[in-house]
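Step one of this worksheet: look at the structure below.
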Amino acid sequence: MRLKRPSIPYIIWMVVFTMIPIVLILFSAFTDRNGNFTTASFVKAFGYFDVFLKSLWIAFISTLICLILAYPIGYIMSRQKKSVQNTLTMVIMIPMWMNFLLRIYAWVTLLQNGGPIDTMLSFLGIHTTLLGNQGAVILGMVYEYLPFMVLPLYSVMAKIDNGLIEAAEDLGSGRLTVMRKIVFPLSVPGIVSGVTMVFVPSASTFLVAQYLGGVDDIMIGDVIDRIFWSDNNTGSAIALVLMAAILIFLIILNFFGDEEAIA
Amino acid sequence: MKRILSILVACALLAGTAAVMSSCSGGSKGEINVYNWGDYVADGSEKNNGDYYKDTIAEFEEETGITVNYTTYETNEELYNLLSSSNTAYDVIIPSDYMVEKLKDEGLLQKLDMKKIPNAKDIMDDLKNPVYDKKGEYSVPYSWNVTGLVYNKEKVNYKPDSWTALWDKKLKGQILQFNNNRDAYAIAMQLCGINPEKFTKKDVDKATVKLKEQKPLLKKYVMDQVFAEMEKDQSAIAPYYAGDVYMMTTNNDKLVGVLPKEGSNLFVDAMCIPKNAENVDGAHKFINFMTRADISAANSEYITYASPVKSAKKLLPKELSSSELVYPPESYLKKCYTFRNVDDDTYAYMQEQFIKLMS
């Protein structure tokens, strides 16, 4: 690999803010409070295995919902006139101008008892608690990360040549066949990067569950946050396990991505 | 052309931000770095009645010419981690009681020069030699208060006067609990007959059982979310800091505050100077200024916790100084306890059990 001079600032950035912190986490995960080597932190880390699985599960469901919602949006956007495309991109970006915590607060107000959504539902005769359960947490995550799914899908789909679609239609393909044989295969890179950009942050997110969830809804990100109050070593160990899990996920995803792209 | 223009505009915006940021630092007569709890100083904002609170930091800057770099934290542990594992130099920090003791024991604080803090003579006698700093050499109290209960009288049809109300099965799904290990465990320990000042792993286990009993009855573990939950009639009862309970009762007439009959946690947040402070002289000036009666009263009015300065009480609005929630009576304080430093192992164990409880 030949290094080009313009990449030097980035390499310095990466070493200082990515490589060194990872080495520090590694060191802290394999030592105890006094700096002696131990694997006890990992034993403790596995005490939170159920939280771990639950977080991955919530992240998985959120990613799936995001994909199902974002795919048609991305496609419809990509088939519009250029000016309409820009407006729609803008509309999707606007909520991201606001701080993420404020948006979660807004959901708390929307969903609480006597809040607008609850009031509307009770007019229809539906009385239920909307806040403080796993559904609310997933809703919050989907809302939070949907733009990260829409934008990569849209930008990949916008590059699909209309000529290809027209050619397929001229040769007698129905809409479904066009979708299946042309649009889907060409949009796979978008799916891969969208899934990555939603799954990774939602698996490690914190605070969302604390605000929208109930007594049981704590995610691995919250655990890491809490454990660092009193025990940096176990905190590092959990963070490391989470990183490993996400890395494995990414490797599998890339493997799928490449194969689809070749076929 | 359009693209180049937009890049230029973006650069100009960034440069503008940088210029504003850099013009903020750099005072003429030196500067001090103050690290305090979030939203814990009178900041000149507007009161409910249209008046304005004092801006105590700005007054200090004006009076001394020292620039204050003011940053905030959310938990004692956050403060501890920053102080023990980075070399950021803070000149004044305001940890709580048990954290003062921990920092002092680990040699992270320096002795104060009381000659430079003449206003400290006016500190309440009970707080001059507190348990966490027996000789009063390392800290000067900034504010104090106790924990209490807040309930909604439309949702609770009796007058709760004990922590046991938080375990009341009739209020299932409407009870809140502290989302903070030490405060939640203290309540459970009191009910188990354990003194929460100091405890062992065994005590933690007993209290964990008590908290597990409570969990199915709870709506949520909360910290500042308690304000929205209680003020918007979402929950029936919650434990919180009594001064904040006072605030909630002024914002919603249905809310009532009580001091539980078992007694509760008397907490003190105190000003200290870390060992590696750079402007020690400025730090003393700051502590002395914050201990002046009118300034301490202004801060106390803003945060609605009691002021440790004797003559500040007279300067407070009547409704504050006469409230049992802001200034708990002497007789009640006899029943209260103050947190002490617990060894790292036991503390980590309690945190671990608390997280497991929530998962």
Side-chain angles (χ1 to χ4, degrees), chain A residues 24 28 32-34 40-41 43-55 101 104-109 111-115 118 129-133 136 206-207 209-236 238, chain B residues 73-82 84-86 99 102 155 172-177 179-182 184 204 211-212 214-225 227-236 342-359:
Chain A
L24 289 177
S28 158
D32 63 13
R33 212 186 299 278
N34 304 318
S41 306
V43 177
K44 276 193 186 160
F46 276 97
Y48 303 99
F49 197 66
D50 45 344
V51 186
F52 204 82
L53 286 185
K54 193 168 67 188
S55 303
L101 209 57
I104 293 298
Y105 263 126
W107 272 111
V108 172
T109 318
L111 294 176
Q112 72 190 3
N113 291 338
D118 184 49
T129 317
L130 300 162
L131 208 59
N133 50 47
F206 74 122
L207 285 178
Q210 282 181 36
Y211 280 93
L212 298 175
V215 270
D216 268 324
D217 296 303
I218 181 172
M219 291 183 64
I220 198 73
D222 301 301
V223 171
I224 295 175
D225 170 41
R226 283 315 181 82
I227 220 97
F228 266 103
W229 282 27
S230 55
D231 185 352
N232 294 354
N233 309 107
T234 309
S236 303
I238 301 174
Chain B
Y73 52 86
E74 298 301 321
T75 62
N76 278 307
E77 285 66 26
E78 193 183 329
L79 163 72
Y80 175 79
N81 280 340
L82 208 80
S84 62
S85 60
S86 86
M99 191 48 73
K102 184 177 169 76
K155 293 179 192 280
K172 186 175 176 183
Q174 303 191 72
I175 306 171
L176 303 172
Q177 173 63 295
N179 189 0
N180 166 324
N181 56 6
R182 196 115 201 215
V204 171
L211 289 172
K212 272 191 187 144
Q214 186 194 28
K215 192 182 166 187
L217 306 173
L218 287 181
K219 180 175 184 196
K220 229 172 154 66
Y221 293 99
V222 293
M223 288 311 286
D224 3 332
Q225 280 171 278
F227 292 99
E229 284 286 334
M230 295 308 296
E231 288 176 9
K232 290 183 189 160
D233 301 328
Q234 299 288 310
S235 300
V342 180
D343 67 284
D344 290 347
D345 239 23
T346 314
Y347 191 83
Y349 182 72
M350 174 174 71
Q351 178 73 331
E352 197 184 317
Q353 296 306 313
F354 191 55
I355 298 170
K356 288 198 173 143
L357 176 78
M358 288 196 291
S359 59

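To find a chain, count down the sequence lines: A is the first, B the second, and so on, and within it residues start at 1.
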On a heavy-atom basis, the closest approach of B:Ser359 and A:Asp216 is O-OD1, 3.9 Å

Determine, step by step, whether B:Asn181 and A:Trp229 satisfy the side-chain contact (heavy atoms from CB on, under 4.5 Å) criterion, reporting the C-alpha distance in whole Å, the side-chain angles of both residues, the deciding distance to 0.1 Å, and the verdict. CA-CA 10 Å; B:Asn181 56 6; A:Trp229 282 27; 3.9 Å; yes

Atom CD1 in B:Ile355, atom CD1 in A:Ile238: separation rounded to 0.5 Å? 7.0 Å

For B:Lys215 and A:Val215, which heavy atoms make the closest approach, and how far apart are they? CE-O, 4.0 Å

Let me confirm one number: the CD1-CG distance from A:Ile218 to B:Asn179, rounded to the nearest 0.5 Å. 7.5 Å

Roughly how far, to the nearest 0.5 Å, is CZ of A:Arg33 from CG of B:Asp344? 4.5 Å

Select one option (side chain, backbone, both, neither) describing which atoms of B:Tyr349 are under 4.5 Å from chain A's heavy atoms. neither

Working note: B:Lys232 + A:Thr109, criterion side-chain contact (heavy atoms from CB on, under 4.5 Å); need CA distance, chi angles, decisive distance, verdict. CA-CA 10 Å; B:Lys232 290 183 189 160; A:Thr109 318; 4.3 Å; yes

Is it the case that more than 12 heavy atoms not belonging to A:Phe49 sit under 6.0 Å from its CZ atom? no

Evaluate B:Glu78 against A:Phe228 for side-chain contact (heavy atoms from CB on, under 4.5 Å), listing each step before the verdict. CA-CA 9 Å; B:Glu78 193 183 329; A:Phe228 266 103; over 6 Å; no

Honestly, the part of A:Thr234 sitting under 4.5 Å from a heavy atom of chain B is neither

With a sphere of 6.0 Å drawn around NZ of B:Lys155, does it hold more than 12 non-hydrogen atoms of other residues, nucleotides or ligands? yes

Please classify the contact between B:Gln177 and chain A as side chain, backbone, both or neither, with a heavy-atom cut-off of under 4.5 Å. neither

A:Asn232 versus chain B, the contacting section by heavy-atom distance below 4.5 Å: side chain

Side chain, backbone, both or neither of B:Asn76 within contact of chain A (heavy atoms, under 4.5 Å): neither

Below 4.5 Å from any heavy atom of chain B, which atoms of A:Val223 appear? Answer side chain, backbone, both or neither. both

Enter the distance from B:Met358:CE to A:Gln210:CD here, rounded to the nearest 0.5 Å. 7.0 Å

Evaluate the criterion side-chain contact (heavy atoms from CB on, under 4.5 Å) for residue pair B:Gln351 and A:Asp231; output intermediate values, then yes/no. CA-CA 9 Å; B:Gln351 178 73 331; A:Asp231 185 352; over 6 Å; no

Closest heavy-atom pair and its distance - A:Tyr48, B:Lys356: CE2-CG, 3.9 Å

Please report the closest heavy-atom contact between A:Ser230 and B:Ala348, naming both atoms and the distance. OG-CA, 3.7 Å

